[in-house]
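Every heavy atom of this structure was used, including side-chain atoms; hydrogens, water molecules and symmetry mates were not. First listed ligand is number 1; within each ligand, the first listed atom is number 1.
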Amino acid sequence: MEYIQVLELFAGLGGLHIAVNNQKDANIQVVKSFEINVNAVKTYQENFGHDVVSNRNILSLSTEELFRQNVNAIFMSPPCQPFTRLGKKLDVNDDRCNAFHHVLKLLPRSPNIQYLLIENVYGFESSKMRDTMLEILQSCGFYTIEFLLSPTDFGVPNSRLRYYLLARKNKKFTFCKHDHTSIVKEFPYCTCRVKSLNDQASICSNCQREVNTNISSLVQQNAGNAAQNSLVNPGKLHSYLDKETDIEQYAVPDKILLRYGNILDLRTFQDSSSCCFTKGYTHLVEGSGSVLVCSRSVTIEEAYKVYNEFKDTDSEAALKSLRKLKIRYFTPKEVERIMCFPDNYTWPKDISDKTKYKLLGNSVNVHVVTLLVALLLHS
Ligand SMILES: C[S@@+](CC[C@H](N)C(=O)[O-])C[C@H]1O[C@@H](n2cnc3c(N)ncnc32)[C@H](O)[C@@H]1O
């Protein structure tokens, strides 16, 4: 049996490490990882031990050192700022691409690397960096397949459309009849969880997609408690919430309510979607993540009718109306669950909520990457 030893680069909180640990077969493990942010490294150590992660700039990694790591796979989420919708889109001209480019340039001299998984933001697929990456991978003899997927595609109530690349040297990807220039926008196998496993059919009667028992059982066993709950209440936010939350501690402040009331992305317990949580959550408003309406007695329509009537003339009356909705931020633990981190994921004691949101906003949806690792290995 082939043993897969993974080097995790730009490791952050280790979302890709969890995806590796989630694999049903024990023939894959993360043996080394690199990350520059001290708080991320401390958190990584808390969860995966002190030996795996090094607090290092990836630009300092040499071919010799890569070889010495004795790895045959690289999984990485390089910085996304050069490609984000809201950024300057400097692409290859942004210095934050340098470390990624550096790793790609090591590949032609690292024949031991057989597998790659790369994650980035929506927008990367149309960048020059992606063209450069594909050129290098093809010259090294990798077969590649690219995806644009969101957790909502898998019943997880959160939008986080992301670009993913899977690459491997010795085995073509045979599961999609796609040409190698188009991007796959639908996971190729059934992920209907229980259903597909009980069916012995090779095509799922629910989604009409092919059943791959490796992937179905992975979904069933390892999707995390929250995603398991969604079997009972498909994709509702309430399955991902803390049992008790101090609404005051996480309340959206009055000045935000008053000034930005109309651009808050409001969700209720019964909603089956939420906005992508970004690293700016709780200190930026627009597009940084959803907030939760906790009141069950006042409707959003009623409260906003009064707010919009008075916001320019009587701020106290406008505020009073929105306060009745008891609008709060999702707690870091809730964001973690929505991103399908396991319930036993822990944080060092001195990491603030603000830092947790920042690191989570940079991280990956563990459920989606768990399935992609399975595809890389089993398809
Ligand atoms: C998109 S995040 C990765 C998220 C990660 N997959 C996770 O699960 O949290 C990119 C990470 O790369 C780190 N980083 C950026 N430039 C780096 C460099 N030159 N060397 C090492 N780490 C770097 C950042 O600190 C950040 O944590």
Q.
Does any part of the side chain of L134, heavy atoms only, come nearer than 4.5 Å to the side chain of L165, both counted from C-beta?
A. yes

(Q) Under 4.0 Å, heavy-atom basis, I'd like to know which part of A40 is in contact with ligand 1: side chain, backbone, both or neither. (A) neither

Q.
For ligand 1, which is the ligand I care about here, please tell me if E119 has any N or O atom under 3.5 Å from one of the ligand's N or O atoms.
A. no

(Q) Which of the numbered atoms in ligand 1 are under 4.0 angstrom from any heavy atom belonging to A99? (A) 19 (N)

Q) Quick one: which of H17, E35, R162 has a heavy atom closest to atom 26 (C) of ligand 1? A) E35

Q) Which residue, S288, S273, S290, forms the side-chain hydrogen bond (donor to acceptor under 3.5 Å, both in side chains) with D265? A) S290

Q.
Students should be able to answer this: which protein heavy-atom is nearest to atom 10 (C) of ligand 1, and at what distance?
A. S77 O, 3.4 Å

**Q.** ligand 1 to G15 polar contact by distance, N or O atoms, under 3.5 Å
**A.** yes

Q: Measure from NZ or CZ of R160 to the centre of the six-membered ring of F277, then state whether that distance is under 6.0 Å and the direction lies within 45° of the axis.
A: no

Q) Are side-chain heavy atoms of E316 and D314 found at a separation under 4.5 Å? A) yes

Q. Can the positive tip of R337 be found less than 6.0 Å from the middle of the six-membered ring of F330, inside 45° of the ring normal?
A. no

Q: Please name the pair of heavy atoms, one in F187 and one in R209, separated by the smallest distance, quoted to 0.1 Å.
A: O-NH1, 2.9 Å

Q | A11 near ligand 1 by a heavy-atom separation under 4.0 Å | A | yes

Q: Looking only at distances, please establish whether an N/O atom of ligand 1 is found under 3.5 Å from an N/O atom of F34.
A: no

Q: Pull out every atom of ligand 1 sitting under 4.0 Å from any heavy atom of I58, numbered as shown with elements.
A: 18 (C), 19 (N), 20 (N), 21 (C), 22 (N)

Q: Apply the test side-chain hydrogen bond (donor to acceptor under 3.5 Å, both in side chains) to residues Y250 and T245: give CA-CA distance (whole Å), side-chain angles for both, the deciding distance (0.1 Å), then the verdict.
A: CA-CA 8 Å; Y250 290 98; T245 306; over 6 Å; no

Q) Which residue holds the protein heavy atom closest to atom 1 (C) of ligand 1, what is that atom called, and what is the gap in Å? A) N362 O, 3.2 Å

Q.
I want to know if ligand 1 touches I36 in the polar sense, i.e. an N/O pair below 3.5 angstrom.
A. yes

Q) Backbone, side chain, both or neither: what part of R56 comes under 4.0 angstrom of ligand 1, heavy atoms only? A) backbone

Q. Are C97 and F83 close enough that some pair of their side-chain heavy atoms sits under 4.5 Å apart?
A. yes

Q: Enumerate the atoms of ligand 1 whose separation from the nearest heavy atom of P79 is less than 4.0 angstrom.
A: 15 (C), 16 (N)

(Q) Check the orientation of F48 and H17. Use parallel for under 30°, tilted for 30 to 60°, and perpendicular for over 60°. (A) parallel

Q) Which atoms of ligand 1 sit under 4.0 Å from any heavy atom of N57? A) 18 (C), 19 (N), 20 (N)

Q: If you have a sec, work out which protein heavy atom is nearest atom 7 (C) of ligand 1 and how many Å separate them, to one decimal?
A: S363 OG, 3.1 Å

Q: Please examine the side chains of L371 and L375, heavy atoms only from C-beta on, and report whether any two atoms are closer than 4.5 Å.
A: no

